[in-house]
Amino acid sequence: MAYKTAIFSSTSVHAAQYLKGIPAHEKYDLVAVSFVPEDRSATILETLPADVKVYASDRELLDAHPDLDVAILAGGNYQTYDQFMLCAERGIKNIFLMKIPTFNMEHYTEMQRVAEEKGIVVQIELEMRFDSTVRRVKQMIDEGKIGKVLSIQMTNTTVCLQPDLAAWVTDPAKSYGERIKLCEELDLYRGGCMTDHPHCFDLARHFTGSEFDTVYADASENFRDGREVEEGVFVLAKIKNGVTVSIDPSYSRHEYYLSPRVSAGPGWEGYPKRVEVNLAVIGETGCILADCFHSGVYHTGLPNHTFAVQYIGSAGSGTGHCAPALDSFALCIENRSLPTINLSLHRKNIEAINACYESIATGNVVKLPETSPFSK
Amino acid sequence: MTVNKALIKESVEQAGFAASWDFTENGIRLDGKEYELTPWRFHLRLAEIRKLALDQQVLRKNCSYKSQIVTHCSENISDVLYAEVDVCQWLLDDKIKYVYGFSHGDKTISVMAKTQSGILCQLEIAATLNDQTTPITRHEIVGKEDMICDRSINEQVPVEAVYAFRDDEKYPEAMTDTNLFTLGLAVEENQVFDNVIDLLIHRKNAVSEQEKTQNHNVICAIRESIRSGKRVYVKEGVNDGI
């Protein structure tokens with residue numbers, strides 16, 4: 001039995017994967033999508049099957065499809081809270097969220113409360129948890145291959161989607177949720193690379209089995225002119241079990257502007273690799289190096305004839321890196337079980353990112369709270 | 001790393017430099033004056049990064065800098081830190097303004113820093129490798145719309161130039177530095193050799209007194225940050241911490 005599924009907004013950086021992959025996934029029956037044309041180029045809808053209806057508003061979609069099983073909230077970060085509450089109000093029992101539910105912790109608590117009260121199965125995307133390289137590294141750590149882990153270095157460095165392709169990504173109010181100045185020294189606002197790249201924060205906790213104790217973060221001048229949100233950030237954190245974690249979530253992999261913009265695909269790389277998630281785990285007796293986006297073919301070609309890497313994502317369902325997350329979600333729906341990547345687990349990641357923003361603003365080391373509402 | 005100083009001295013003499021000099025603990029003594037050795041400034045890749053960045057100015061404006069070193073567990077991690085602090089400031093032609101750091105004894109040091117012109121820096125050093133393993137090194141400068149790195153795409157461990165595989169051995173014999181042919185020196189010894197020659201001839205890449213003072217002040221600031229758990233500003237000029 002396939003779950004009646006709708007994708008909301010269709011403007012997330014990963015929306016294309018869901019728009020292509022959900023129709024091909026045997027567990028999901030995509031019946032409708034809503035779309036926000038001012039937030040993303042409509043080319044993203046070109047691959048939709050003809051029988052999938054497109055709506056201009058979420059309410060219109062929900063009115064037309066009152067029997068939805070699954071809602072995939074694939075919009076800008078600024079929309080997620082309202083969409084979540086609307087879907088909960090309309091009785092949807094299974095909600096899949098993109099990687100940032102909200103940075104407003106009061107809203108976050110409210111989402112947790114509603115999910116618990118109404119028995120909603122809520123999973124957060126955080127697809128790197130399912131990555132085979134990540135799983136192998138975790139296995140090696142747990143087996144003690146390098147002894148006690150001392151420090152972990154992680155990068156989640158990428159290109160940056162351009163405003164005419166996905167406008168909300170570089171709009172502080174839509175990305176972070178409100179317009180907050182990053183720091184006195186830089187004319188920038190929260191909502192950039194660190195907002196877009198929560199994976200390393202999650203993996204730090206996943207690899208160590210512990211929680212953030214303190215974080216320190218700092219920002220550089222932007223790599224690209226004319227952007228308001230931060231592009232270059234380094235983080236140095238201490239985990240409660242003593243491990244040091246350094247994170248680079250920067251938008252430091254350059255891209256060309258392609259006009260007219262067709263899709264966020266091959267051909268626009270300046271730096272050859274669009275996404276780099278590299279890990280270095282230092283232990284007492286050695287180190288583990290890993291490249292989570294290692295498999296690729298190499299090409300030069302139109303339009304700029306630059307040498308580039310085309311990453312080979314997950315085959316089959318067409319949802320690329322997100323396929324295992326959707327498989328896991330389907331299993332949780334079937335069993336009415338709590339997904340591994342749930343709101344409570346992810347709350348600590350969001351708190352860590354917020355603490356990093358505070359550190360950038362103040363220049364201080366920031367200590368994370370010991371407990372959080374609904375924390376597990 | 002341990003270098004064969006006697007072999008290096010002999011190589012310098014064979015190269016035709018008969019000047020009276022000798023090794024000291026951290027450098028050489030020449031004409032009654034002591035000069036610090038900074039062989040990393042003669043590492044071919046690092047020298048090329050500096051040439052591209054400063055002489056040819058291929059970067060529009062430096063924004064961030066990263067170095068990653070994983071070296072042998074027999075290495076003195078403080079020596080590696082000193083070298084990487086110098087490399088950072090030398091490649092960027094800038095001075096570190098403040099630092100924040102952590103360490104795990106003599107195994108790892110992690111430092112975040114910012115320079116006076118606002119370049120954000122990350123230095124990661126670990127000494128946990130087997131002495132037979134080739135150290136893992138990576139240096140990267142990211143500028144506006146451009147970048148320089150001494151490692152290629154997908155290159156996690158150093159790639160060599162020549163590999164000799166045998167059907168009775170699992171791992172190949174590998175080498176890169178062509179100078180091995182000319183002088184019979186190891187890569188690190190060759191860098192010391194080049195450093196000595198530079199000091200004997202024209203001291204073009206020699207570390208100045210101001211640079212030495214700045215390096216030491218940065219090290220003091222890093223030690224203080226590790227101790228206090230706070231961001232520490234680098235003191236100017238000679239200070240008691242040296």
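Residue numbers begin at 1 in each chain, while the letters A, B, ... track the order of the sequences.
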Are there more than 12 heavy atoms of other residues, nucleotides or ligands under 6.0 Å from atom CD of Glu184(A)?
no
Is Cys63(B) in contact with chain A via its backbone, its side chain, both, or neither, using a 4.5 Å heavy-atom distance?
both
Identify the two heavy atoms, one from Leu236(A) and one from Phe102(B), that lie closest to each other, and give their separation to 0.1 Å.
CG-CD1, 3.8 Å
With a sphere of 6.0 Å drawn around CD of Glu173(B), does it hold more than 12 non-hydrogen atoms of other residues, nucleotides or ligands?
no
Could you tell me which portion of Ile136(B) (side chain, backbone, both or neither) has an atom closer than 4.5 angstrom to a non-hydrogen atom of chain A?
side chain
Quick one: do Arg224(A) and Glu145(B) make a salt bridge, cutoff under 4.0 Å?
no
What part of Ser250(A) gets within 4.5 angstrom of chain B, counting heavy atoms only: side chain, backbone, both, or neither?
neither
Without swapping roles, check the side chain of His104(B) against the backbone of Val243(A) for a donor-acceptor pair under 3.5 Å.
no
Residue Ser359(A) versus chain B: region with a heavy atom under 4.5 Å
neither
Tell me, side chain or backbone of Ser110(B) under 4.5 Å from chain A's heavy atoms, or both, or neither?
both
Hey, are Asp225(A) and Lys61(B) close enough for a salt bridge, meaning a charged N less than 4.0 Å from a carboxylate O?
no
Assess whether atom CZ of Arg45(B) is packed by more than 12 heavy atoms of other residues, nucleotides or ligands within 6.0 Å.
yes
Rounded to the nearest 0.5 Å, what separates atom OG in Ser64(B) from atom CD in Glu231(A)?
11.0 Å
Side chain, backbone, both or neither: which part of Val142(B) has a non-hydrogen atom closer than 4.5 Å to chain A?
both
At a heavy-atom distance under 4.5 Å, which candidate from Phe234(A), Phe223(A), Tyr271(A) has the highest pair count against chain B?
Phe234(A)
Does any heavy atom of chain A fall under 4.5 Å from the side chain of Cys149(B), the backbone, both, or neither of them?
neither
So which part of Ala237(A) gets closer than 4.5 Å to some heavy atom of chain B, the side chain, the backbone, both or neither?
backbone
Partner chain B: residue of Glu276(A), His254(A), Gln153(A) with the largest heavy-atom pair count (under 4.5 Å):
His254(A)
If we define contacts as heavy-atom pairs under 4.5 Å, which of Ile146(A), Leu289(A), Asp218(A), Asp291(A) has the most with chain B?
Asp218(A)
OH on Tyr298(A) to CD1 on Ile153(B), rounded to 0.5 Å:
8.5 Å
In this structure, which one of Ile125(B), Thr128(B), Leu129(B) forms a side-chain contact (heavy atoms from CB on, under 4.5 Å) with Ile282(A)?
Thr128(B)
Between His294(A), Glu284(A), Glu185(A), Lys238(A), which shows the greatest number of heavy-atom pairs under 4.5 Å with chain B?
Lys238(A)
Mind checking the CG-OG spacing from Leu120(B) to Ser252(A)? Nearest 0.5 Å is all I need.
11.0 Å
Heavy-atom count check: over 12 atoms from other residues, nucleotides or ligands less than 6.0 Å from Lys145(A) NZ?
no
To the nearest 0.5 Å, tell me how far Ile119(B) CD1 sits from Glu221(A) CD.
9.5 Å
Keeping the roles fixed (side chain from Gln156(B), backbone from Ala290(A)), state whether a donor-acceptor pair exists under 3.5 Å.
yes
Could you tell me which portion of Asp146(B) (side chain, backbone, both or neither) has an atom closer than 4.5 angstrom to a non-hydrogen atom of chain A?
backbone
Of Gly296(A), Pro272(A), Ala280(A), the largest count of non-hydrogen pairs under 4.5 angstrom with chain B goes to Pro272(A)
Counting only heavy atoms from other residues, nucleotides and ligands, does the tally under 6.0 Å from NZ of Lys51(B) exceed 12?
no
Between Glu140(B) and Arg253(A), does any NZ, NE, NH1 or NH2 come within less than 4.0 Å of an OD or OE carboxylate oxygen?
yes
For the interface with chain A, which of Lys230(B), Arg60(B), Lys66(B) has the highest count of heavy-atom pairs at distances below 4.5 Å?
Lys66(B)
Stepwise side-chain contact (heavy atoms from CB on, under 4.5 Å) test for Ser246(A) and Glu124(B):
CA-CA 9 Å; Ser246(A) 71; Glu124(B) 287 285 346; 2.8 Å; yes
Among the options Asn278(A), Asn364(A), Thr285(A), Thr244(A), pick out the one with the most heavy-atom pairs lying under 4.5 Å from chain B.
Thr244(A)
Leading residue by heavy atom contact count with chain A [cutoff under 4.5 Å; candidates Asn130(B), Thr108(B), Val111(B)]:
Thr108(B)
Choice from Gln68(B), Arg231(B), Lys107(B) maximising heavy atom contacts with chain A below 4.5 Å
Arg231(B)
Taking atom types as modelled, find out whether Lys144(B) and Asn222(A) have a side-chain donor-acceptor pair closer than 3.5 angstrom.
no
